[in-house]
> 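Dumping the structure here so I can ask a few things about it.
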Amino acid sequence: MVFFIASSCDWDQVTQGLVKLGFKLIDSFGPKPVFGVLPDNDLKQDSLSPSQQACQLGQRLLLKTFKVHHVFRDDILNTLFGELMKPTSPVTQYLESDIVTSSPQLLLESTNKVCILFEKLDKMNPKSAERLLSALQPLLKLSPFLKDTLILNLRKAMFSRPLDSRKIGALGFLMILKHFRVVGALPSSQISQPISLSQIQADVHSSYSPASNEALCLEIIGNLSRCLTQHVDVRLNIYQGLCEVLLRNSELMNPVLDLLFFQLKKYYEFNEDVKPPLRLEPCIITHGDKVYLAEPLAHLVGCAQQCLRKSQDIQSQKKSTETEDDDQDGCEETFQKLQNLLVTLTKRVIEAEMEDFELDKSADFSLATGVGVKNNINAILLLGLYEVLMEFTFEMGKYSIESCKEVLQLFTKHAQLSTVVKEKSAASSGKKNKTSTTKTPNSLIALKAVEKFLTVIICDERPELEENGIDQLIQNKGFLTYILSIAVQKLGQVASKGTCEGETQSKEKLLKVCFNIGRLLYISYIDNQQKGDSTDQKDRKLNSQILEGLNLVIEMACKNGQNAVLQCLSSLEKETEMKERLRTSQKNEKIHNHIKKFQRLVVTILNENKDSQNLKEVFTLFSIIAHLVHHLPSHGEEYQQTFNWLQKVAIEHPIDDAATCRHLISLMLQLSKQTKSLPQILLSLCQDIHSQLGDIDQDCEVEQNTHFAVTKANICPISGILTLTLTYLEADLDDIDSVIKCHKANMLAANTCVEEETATQVETLDRSICIRLGLLINSFIELTHSAVTTSPCIHAMLKTVTKLFNVLTSLTKHYISLYTNKAGHLGSRFEKLVRLVSQQLTPQTYNMIIYVQLLESDVSEESEKKGKKKNTTHQKGIIKAMKQGKMVPSLICTIELLEKFLIQLSKKSKRILKDQHLEIFASIQKLCIQQLSREFLMTVKLRKIILKSQKKMKFRSQMRMMMMMKKTRDQLKKRKVNINHHRKRKRQPETFSYSSFFFFTLF
């Protein structure tokens, strides 16, 4: 990159290649849409994945090229705009290259291309169009022509037929309202006056001036008011964007309040004697049997109350600064009318019953009928209305007794309706006495309001008032549970998406609010733990919710880098500001101190009585520890201490919960990869699996003792542990295979004279690979002895064993290439490895294959005896794993290949590897003699599997093999096997191997 910046000319060919490389990196490593949804790809956070770093490198290449080399600017823009115009193209990675923000004047030279992009804006995806407009927003203040073009295209899109085009028009106008600030308050009388675009052009074509934005904003608000008669999605976008408009452009307070008041009057019943106070019929459209939502009434009321509270803050700021406006009376009048409407609406909703909204326990909530769909929509609107009125009453009431009482009354109404909907939905789906599986709608209470509720209830921070109603909120545990559920929902949205519905704060402010909520949850959980053991199910559920929320807070902090983690942990310690410029050791110590706090909480729960233990809390605490430990250096003492503690817990504490046991084992294996103790942990787990499942030889007894207390069969199902173990075994084999390939490439690249130091390093690496494989082979020997019965585990084990033999074949071919190119020699460790495979692994692998075939034959015999035409699910699983997976032929073929290459290696190295494989032959023949008395070896299915495996091998003489099969079949009929005769036969190394001879002799 340094050389590239220094070369401003004479690098045309290289620069063109760099431009192509930049686009290739962005296209290859950028985010890909999953089921039409584009995942978040924030390339400005502290911790980036390798793919994100590659995408960021491509963006930097394009940005530097665009700045330095003017010759390639057109090519970059043409390619960039071409990618943006693709309907299915995710434009995020192209828009984050910062070309507009870093060099807007250079982009103005291509104004015509930007105008063409604006003209095709309505053909894009709404989210992509929104991000594009946000990226190009700085150009609008520099070029009046671009602003004119954009406004004309947005007006055309707003009233076009496609729904996405209308959504793009609304989002574009809201973006303009946010960034084109108005100087001086707008009189409300101007809002109703028609303003055409020709009246604006006199101001727009001049240089940018904030004073010229007044007519533009009034025109846009007028267009938005006409959009409030369109589709529900368009209205939702407008309601969610108006509050943010008011936050950034406070002078639009009066027009925005007038707009919301006018829209709210359409559904409000001003006659107080009439119930209900809101008309829900206009909010729903019916077309035949189909029912649709036309007006998101709860979002409308929520937007109105948020804008009203923001306007109150704006007015208080103006009064504190003693600024006077000519139209201040008009603003206060609009503000007062809307406030009175919402206050009256709250009281009337509290007095109204569900029956007034045509909702009761006898109503139909089935989604299969039009009436049921209509009732569900009305219920969702009413539930959202209760929530936004709770927030409005709590925020505007200033913790008074009356306001807290009204909040609890609204909560009671919400709980009653929610219970009815859940019960009726469960009954309509045929699930009696069970919770409904219907997805809970997103809460409309803002995250900031949730923080205030928790602060008041948990910390008991009372305002300086003689009388307040906080005690009423504290004493109602149901209300605390409800607020905690909303907090968990909102935190989950922030952790997964980076934001939550209805939030207009910046990312930094949003994280600060989340960290403060995490502190409140931590305080609440510690207080509950200090109160002592509790067997109440409600208290357990409450603690589980608190820990789940805390886990989400720490998870989102870990996703944003170590600085965010330290800021989050500082908030848990009640530190107002994080200490700046902490040394690395101090940062690690801070993180490890909090890990030890959570470790003490785990030990406290595990030492409690079984009746009072809540193992779900242990699962969540393990998740928190897993998030934090990744921000410790793997070579540090703190990391090793955490791993040792996890290992100690797994050995000493029999956790009677399968999910928690698997989570603990998974975390222990994950950390052991960094502490270089993974093979030993895997070996211990394999030995435990063998002891719990038993041996495939029924005459062999296995000790029931285990290395870990959490691997006992009566605590955790062994199938889950086996699947987890095989996953890490397979991953470790993949790592070894990649090391072998890299080592092979390096050795072949340096096939000239090798220095003494390099030769020593090569020998050390070879020895390390063989030692690592030897440890893994010991684990596989234990697994091949285990009597596994479940079909998925059998399939996974055969697949992993096949991969092991593939890795051994790759290592053997590596040594063959060394002798061919005269670049190295065979080590003694590899000879020991081959001896281990030949004496213990390979014979036991064939034993395992016979055991699996015996299982299948037993299943068939049982089904025939019972006269069943269809097998059970377990039986079908085994047959499906054997027939469709075809893992046994693949495994046999892999063993054949390994023997073939070992024979070649023995010839090139002139070592005794061939004699070692004669040991394989002898052991197999001995096994054959022992097993010939059993009739299951003569099954037809085994013959088919072996024949399929032999098709994959390229034999030079098929006729000779057929003759040999015929001869050995006759010998089997007489029950006599002449081993010496077959040993004296001349062997063809490239066409025949001893293990294949063993299988052919069976027939």
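Values below: every heavy atom of this structure, side chains too, minus hydrogens, waters and symmetry copies.
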> Go through it in stages, so that I can follow the logic: the residues are F392 and F394, the test is ring-ring contact (aromatic ring centres under 6.0 Å, His included), and I'd like the CA-CA distance, side-chain angles, deciding distance and then a yes or no.
CA-CA 6 Å; F392 170 73; F394 182 75; over 10 Å; no
> Between E269 and R279, is the closest basic N to carboxylate O distance under 4.0 Å?
yes
> So does R309 pair up with E391, basic N to acidic O under 4.0 Å?
yes
> Heavy-atom count check: over 12 atoms from other residues, nucleotides or ligands less than 6.0 Å from K477 NZ?
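Not more than 12 within 6.0 Å, no.
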> Are the side chain of R235 and the backbone N or O of L228 linked by a donor-acceptor pair below 3.5 Å?
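Yes.
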> How about NZ on K374, more than 12 heavy atoms from neighbouring residues, nucleotides or ligands closer than 6.0 Å, or not?
no
> With a 4.0 Å cut-off on N to O distance, would you call E395 and K452 a salt bridge?
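Salt bridge flag = yes for K452 with E395.
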> Just to verify, what does E353 make a salt bridge (charged side-chain N to carboxylate O under 4.0 Å, His left out) with, not counting sequence neighbours?
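Applying salt bridge (charged side-chain N to carboxylate O under 4.0 Å, His left out) to E353 gives K413.
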> With Y268 as reference, evaluate L342, V301, T344 under the side-chain contact (heavy atoms from CB on, under 4.5 Å) test and give the passing residue.
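Only one option passes, and that is T344.
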> Can you check whether K512's main-chain N or O pairs, donor with acceptor, with N516's side chain at less than 3.5 Å?
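Checking the backbone N and O of K512 against the side chain of N516, no donor-acceptor pair under 3.5 Å is found.
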> Applying the side-chain contact (heavy atoms from CB on, under 4.5 Å) criterion to C404, which one of L473, I474, V456 satisfies it?
L473
> For the atom pair CE (M175) and CZ (R248), what is the distance rounded to the nearest 0.5 Å?
10.5 Å
> Could you tell me whether K448 and E451 have a side-chain N and a carboxylate O separated by less than 4.0 Å?
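Salt bridge between K448 and E451, a charged N being under 4.0 Å from a carboxylate O: yes.
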> Taking I624 as the fixed residue, which of L547, V553, L552, L601 is the one that meets the side-chain contact (heavy atoms from CB on, under 4.5 Å) rule?
L547
> Can you list every ring-ring contact (aromatic ring centres under 6.0 Å, His included) pair that touches residues 474-498, not counting sequence neighbours?
F411-F479, F411-Y482, H414-Y482, F453-F479
